[in-house]
Amino acid sequence: MSAQIEFDKKYITTTEVCLLLKVHRTTVLLALRTGRLPEAVTIRRPNGEPQIMLWERDAIAPYLAEWSKARAERASA
């Protein structure tokens, strides 16, 4: 198995979270700041803003499931 495949199986990026939940990056940043997502490994830009954020898939999975469920409930209300 290649290193890239192993990495992709273990980690999820902000981009993938956005695609999965159909939200914008700023929504993910807000969820992170307000504690709705666990702490991420963050690679920052020179100005200090987060550029790339990664989570272990196993650690973030329950948060994403709950977030997805809440969005579905709001959409059906």
Side-chain angles (χ1 to χ4, degrees):
M1 181 179 318
S2 77
Q4 185 65 53
I5 291 171
E6 283 189 51
F7 180 87
D8 291 343
K9 285 178 116 176
K10 185 170 182 174
Y11 297 100
I12 187 169
T13 65
T14 311
T15 301
E16 194 174 345
V17 170
C18 291
L19 292 172
L20 180 69
L21 295 175
K22 296 178 175 68
V23 297
H24 293 281
R25 188 172 187 278
T26 54
T27 305
V28 174
L29 290 172
L30 179 62
L32 183 60
R33 287 185 191 127
T34 58
R36 289 186 293 154
L37 290 177
E39 188 175 329
V41 174
T42 305
I43 300 168
R44 298 190 178 277
R45 294 182 173 139
N47 67 2
E49 290 184 24
Q51 181 174 3
I52 300 171
M53 291 180 292
L54 303 164
W55 293 268
E56 286 190 23
R57 286 183 185 273
D58 293 343
I60 198 173
Y63 293 87
L64 297 180
E66 182 61 34
W67 192 358
S68 182
K69 180 182 170 188
R71 286 177 50 86
E73 288 173 356
R74 281 195 304 273
S76 67

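This chain uses plain numbering: 1 for the first residue, then up along the sequence.
Arg57 is linked by a side-chain hydrogen bond (donor to acceptor under 3.5 Å, both in side chains) to Glu16, counting only residues two or more places apart in sequence or in another chain.
Atoms CG and CD1, on Leu54 and Ile60 in that order, are 10.0 Å from each other to the nearest 0.5 Å. A distance of 8.5 Å separates CZ of Arg44 from CE of Met53, quoted to the nearest 0.5 Å. With values rounded to the nearest 0.5 angstrom, Ile52 atom CD1 is found 8.5 Å from Thr15 atom OG1. Atom CZ of Phe7 and atom CE of Met1 lie 14.5 Å apart (nearest 0.5 Å).
Only one option out of Thr27, Thr26, Thr34 pairs with Leu30 in a side chain to side chain contact (heavy atoms under 4.5 Å, CB included); it is Thr34.
Residues Trp55 and Pro38 share a closest heavy-atom pair of NE1-O, 2.8 Å. Contact between Thr42 and Pro50 at its shortest, heavy atoms only, is CG2-CB, 3.6 Å. Of all non-hydrogen atoms in Ser68 and Leu21, the two that sit nearest each other are CB-CD2, 3.8 Å. Nearest heavy-atom pair across Thr14 and Arg25 is CG2-CG, 3.9 Å. Minimum heavy-atom separation, Tyr11 to Glu56: CE2-CG, 3.7 Å.
The local environment of CD in Glu39 is sparse, with at most 12 non-hydrogen atoms from other residues, nucleotides or ligands closer than 6.0 Å.
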